Visitor: 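Handing you a structure now.
Just so we're on the same page: letters track the sequence lines, and every chain starts at 1. Computed from a prediction, not measured in an experiment: that's the story for all the values here.
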Amino acid sequence: MSLNPQQNQAVTAEDGPVLVLAGPGSGKTRVLTQRIAHLISQKGVRGYQILAVTFTNKAAREMKERVENLIGPQFAQGLMLGTFHSVCARILRREVMHLPYDSNFVIFDSDDQQVVVKRALKELNIDDKRYRPRSVHGYISNAKNELISPDNFPTTTYRDEVVKRVYARYQELLIENNAMDFDDLLVVTARLLEENLGVREKYAERFHHILVDEFQDTNMAQYTLIKHLASVHKNIFCVGDSDQSVYAWRGADYRNLRRFEKDFNNPEIILLEQNYRSKQNILDAAMAVIKQNTNRRHKELFSDLGTGNKLIYFEAGNDYEEATYVADTVLQITSSGAARFSDCAVMYRTNAQSRLLEESFLRAQIPHKLVGAQRFYGRREVKDVIAYLRLVHNPSDQVSLARIIGVPRRGIGKKALETLYQVAREASNLTPGALLLELSSGTKSPYWEKFTSRAASPLSNFGKLFADWRASSEILTISELFDKILLDIGYAEYLKDGTEEGEDRWENVMELRRMAEEFDERSMTEFLETVALISDQDTLSEGQDAATLLTLHAAKGLEYGVVFIVGLDDGILPHSRTFDEPEEMEEERRLFYVGITRAKNQLYLLRAAERRRYGSTDWMSESRFLDDIPDNLIIGKTRASSGTSREKSYSWMGKSSRDSKSKTRWTSSSSKPSSTSAKRTRPKPFGKAQGKPAPAKESTYRMGTRIRHPEFGDGIILNSRGDGDDEIVTIVFESVGIKRLAVGVVKLEVLG
DNA sequence: AAGGCCCTTCTTTTT
DNA sequence: GAAGGGCCTT
């Protein structure tokens with residue numbers, strides 16, 4: 001297939017800055033690969049003079065393959081192609097002499113980051129209840145993405161002051177651990193280029209051409225990075241679509257598109273509008289949805305693939321039914337021969353939604369794959385083994401040390417570990433890991449006197465193992481070291497406890513071992529780095545005929561013949577956390593837009609009136625985004641009858657005109673009626689009606705209600721969850737303090 | 001030191 | 001409805 005005029009214009013654009021605004025399905029990946037091929041084969045650019053940044057490692061691999069197919073592998077040599085994070089990691093290893101790290105620094109993932117924040121809070125005597133590590137880390141990460149150092153951290157509130165102190169200590173701890181977190185990879189590289197003229201010139205000279213995919217998802221650190229890298233040749237080719245910007249929450253700023261136009265004055269702008277992916281009905285629905293966003297440039301999406309089928313809407317009674325409907329439909333369309341399993345994808349807003357879907361696919365025996373790196377790398381056993389390898393590779397890694405020192409249990413507990421930390425801190429220039437190695441050298445070490453006699457033998461034994469692994473790592477391959485560690489600690493016996501779960505865990509460890517084996521010819525550095533920077537999409541395997549389950553975020557850049565978007569409920573999509581933030585709400589809409597535009601032929605939209613979340617049942621109302629899709633594009637949505645249903649719902653719930661416009665989600669956890677009657681007989685809510693708070697009559701055990709208990713006396717309801725006889729209320733009594741009671745068991749008298 | 005039990009919190013989304 | 005933290009017991 002040949003390029004259309006706009007694609008061709010992009011591929012062959014002359015030197016200088018170029019901005020390609022590429023709608024979904026407009027062939028941007030093709031443009032990027034063809035341009036790289038064009039530069040090398042037509043313009044005499046050498047492979048190593050090109051840097052291309054993609055969104056996932058998988059995309060990078062595919063792009064490299066396609067370039068090699070176009071021009072021959074020998075010409076693609078030296079091409080630097082990868083994600084921002086992996087490209088930065090490569091540069092940082094090479095330039096590590098300019099940095100306060102040594103070359104075997106490790107990369108801390110979000111769990112590790114959390115641990116470091118906790119440590120910093122503890123050292124600074126800050127209450128981690130008042131300052132949640134998760135949220136504190138959020139502030140730190142945001143600052144980093146904006147290239148704000150602890151010194152420059154703006155403080156307008158007391159909380160800012162606290163965060164600033166934690167941030168400063170957090171960075172020190174990372175350096176002590178010889179570790180960088182995800183953000184550091186970008187930030188440290190950006191700062192290095194900014195501050196070190198030699199380094200900057202080296203790379204800016206080298207990269208004659210820079211190409212950036214998914215430009216709308218770059219944050220300040222990434223933008224600064226490419227600005228410096230392009231500072232000599234200024235040949236920078238960015239591809240993006242602000243309508244598909246869905247990472248503002250992690251610092252991405254689509255305004256970088258504007259910034260780019262300004263900083264690289266007057267880039268050539270090329271619009272790719274023709275869609276080669278979807279039927280027109282799908283594009284029309286997508287446009288109708290995205291049109292609702294303000295401050296966007298109108299784009300007309302068109303394809304010549306025909307009108308296609310209408311979208312299909314299904315409102316399930318509950319989330320279980322929703323999942324069953326998806327599985328049934330997949331079976332139906334695959335058995336009719338209309339599609340293969342691998343043509344089908346199910347997309348959802350939150351990972352928690354995947355569980356029911358996977359269960360229904362298992363029940364229906366539909367081959368499927370679940371996208372998500374966390375799925376595997378987040379497993380306890382996988383993390384444990386990686387922590388062992390990381391510690392041996394980088395003994396300064398206190399996070400890994402703390403993780404594995406008691407796994408399996410070896411008689412070293414909290415006390416000994418704290419002493420280890422404390423002694424290490426007192427002896428400056430000694431990390432706990434190094435201290436452990438020192439202790440293993442024998443009983444003569446002066447540090448022994450700080451420890452209790454009970455700790456001596458376990459500590460000494462573990463230190464000896466550790467020292468042995470360190471020595472072994474010099475001569476063994478990765479998989480050999482892997483085996484040795486597992487054998488030394490008896491990990492197989494530890495995991496295989498006779499349960500099926502134990503067998504599963506061991507299987508995961510063996511899976512990790514197979515991956516480690518692939519790195520035997522390479523290095524531990526590469527193995528650990530690959531494992532740390534693996535993205536969700538990277539876990540997508542091809543080849544087998546299987547349906548795909550994935551989040552809307554993970555679906556970006558992908559396409560499927562048949563797409564199911566589930567959970568179109570207000571509170572799920574859009575997510576309830578965005579209700580009060582118009583900008584975030586627009587991002588939710590873009591996310592929906594991304595999901596819609598993944599579909600080639602058929603799009604199913606689903607929701608469930610009743611949904612189990614956090615263990616209790618919530619009534620959901622229909623997603624507001626559904627209103628944006630014109631009726632003539634969708635079937636299964638009986639708008640005409642919703643009026644009457646609404647009336648019914650009103651009468652059942654008790655009409656409350658005061659709240660009739662409220663979009664507030666009615667959740668059982670906050671305001672579920674305590675009444676045990678009629679639970680199963682009430683009509684199913686429909687339309688928007690169920691979005692109302694519970695009527696006064698039924699909300700006996702609302703938060704704040706004053707009650708009297710026959711034994712404990714007067715109290716106030718703090719919380720209530722569950723329903724009917726299962727309802728559990730938390731009450732603070734004047735006499736005995738906080739109690740949790742089952743409503744079905746005791747009689748509570750409601751006080752005026 | 002370690003295991004068990006109960007409580008709280010938690011969920012967006014990801015490199 | 002899981003997972004982590006605090007508190008208790010062995």
Visitor: Can you check nucleotides 2-6 of chain B for protein contacts, nitrogen or oxygen pairs under 3.5 Å, and list what you find?
Guide:
from	atom 1	to	atom 2	distance (Å)
B:dA2	OP1	A:G411	N	2.8
B:dA2	OP2	A:R409	NH1	3.3
B:dA2	OP2	A:I412	O	3.3

Visitor: Are A:K118 and C:dG5 close enough that a side-chain N or O sits under 4.0 Å from OP1 or OP2?
Guide: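 Checking C:dG5 against A:K118, a side-chain N or O does come within under 4.0 Å of OP1 or OP2.
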Visitor: Within the structure, does a side-chain N or O atom of A:R134 lie under 4.0 Å from either OP1 or OP2 of B:dT11?
Guide: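 For B:dT11, OP1/OP2 do have a side-chain N/O of A:R134 under 4.0 Å.
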Visitor: Base, sugar-phosphate alone, or nothing: which one does A:R590 contact when heavy atoms must sit under 4.0 Å apart?
Guide: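 Answer is nothing: A:R590 stays at 4.0 Å or more from every strand.
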Visitor: Is the phosphate of B:dT13 approached by A:T551 (side-chain N or O, under 4.0 Å from OP1 or OP2)?
Guide: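 No, because none of the side-chain N or O atoms of A:T551 sits under 4.0 Å from OP1 or OP2 of B:dT13.
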Visitor: Between A:K129 and A:R612, name the one whose nearest nucleotide on DNA chain C is closer to the 5' end.
Guide: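 Final value for this comparison: A:R612.
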Visitor: For a quick check under 3.5 Å, do A:N351 and A:S354 share a side-chain donor-acceptor pair by atom type?
Guide: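 No, A:S354 and A:N351 have no side-chain donor paired with an acceptor closer than 3.5 Å.
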Visitor: Against A:L591, only a single residue in A:V246, A:I565, A:I596 fulfils side-chain contact (heavy atoms from CB on, under 4.5 Å); can you say which?
Guide: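 Of the listed options, the one satisfying the test is A:V246.
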Visitor: Just to be sure I understand the rule, does A:A532 reach a base, reach only the sugar-phosphate, or reach nothing, if contact means heavy atoms closer than 4.0 Å?
Guide: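 If one applies the 4.0 Å heavy-atom cut-off, A:A532 turns out to touch nothing in the nucleic acid.
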Visitor: Would A:R250 count as a cation-pi partner of A:F182, with NZ or CZ less than 6.0 Å from the six-membered ring centre and within 45° of the ring normal?
Guide: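 The answer is no, since A:R250 fails at least one limit relative to A:F182.
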Visitor: With a 4.0 Å limit, can you tell me whether A:N351 has a side-chain N or O closer than that to the phosphate oxygens OP1/OP2 of B:dT14?
Guide: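 It does, given that an N or O in the side chain of A:N351 lies less than 4.0 Å from OP1 or OP2 of B:dT14.
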Visitor: Can you find a side-chain donor-acceptor pair between A:K144 and A:Q171 that sits under 3.5 Å?
Guide: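 Result is yes, a qualifying pair exists.
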Visitor: Between A:D253 and A:Y223, does any side-chain donor sit less than 3.5 Å from a side-chain acceptor?
Guide: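 A:Y223 and A:D253 do not have a side-chain donor-acceptor pair below 3.5 Å.
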Visitor: Contact class for A:Y247 (heavy atom, under 4.0 Å): base, sugar-phosphate, or nothing?
Guide: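 Touches sugar-phosphate only.
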Visitor: Taking atom types as modelled, find out whether A:N508 and A:E381 have a side-chain donor-acceptor pair closer than 3.5 angstrom.
Guide: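 Indeed, the side chains of A:N508 and A:E381 share at least one donor-acceptor pair under 3.5 Å.
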Visitor: Taking only side-chain nitrogens and oxygens of A:R355, does any of them come within less than 4.0 Å of OP1 or OP2 of C:dG1?
Guide: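 The answer is yes; a side-chain N or O of A:R355 sits under 4.0 Å from OP1 or OP2.
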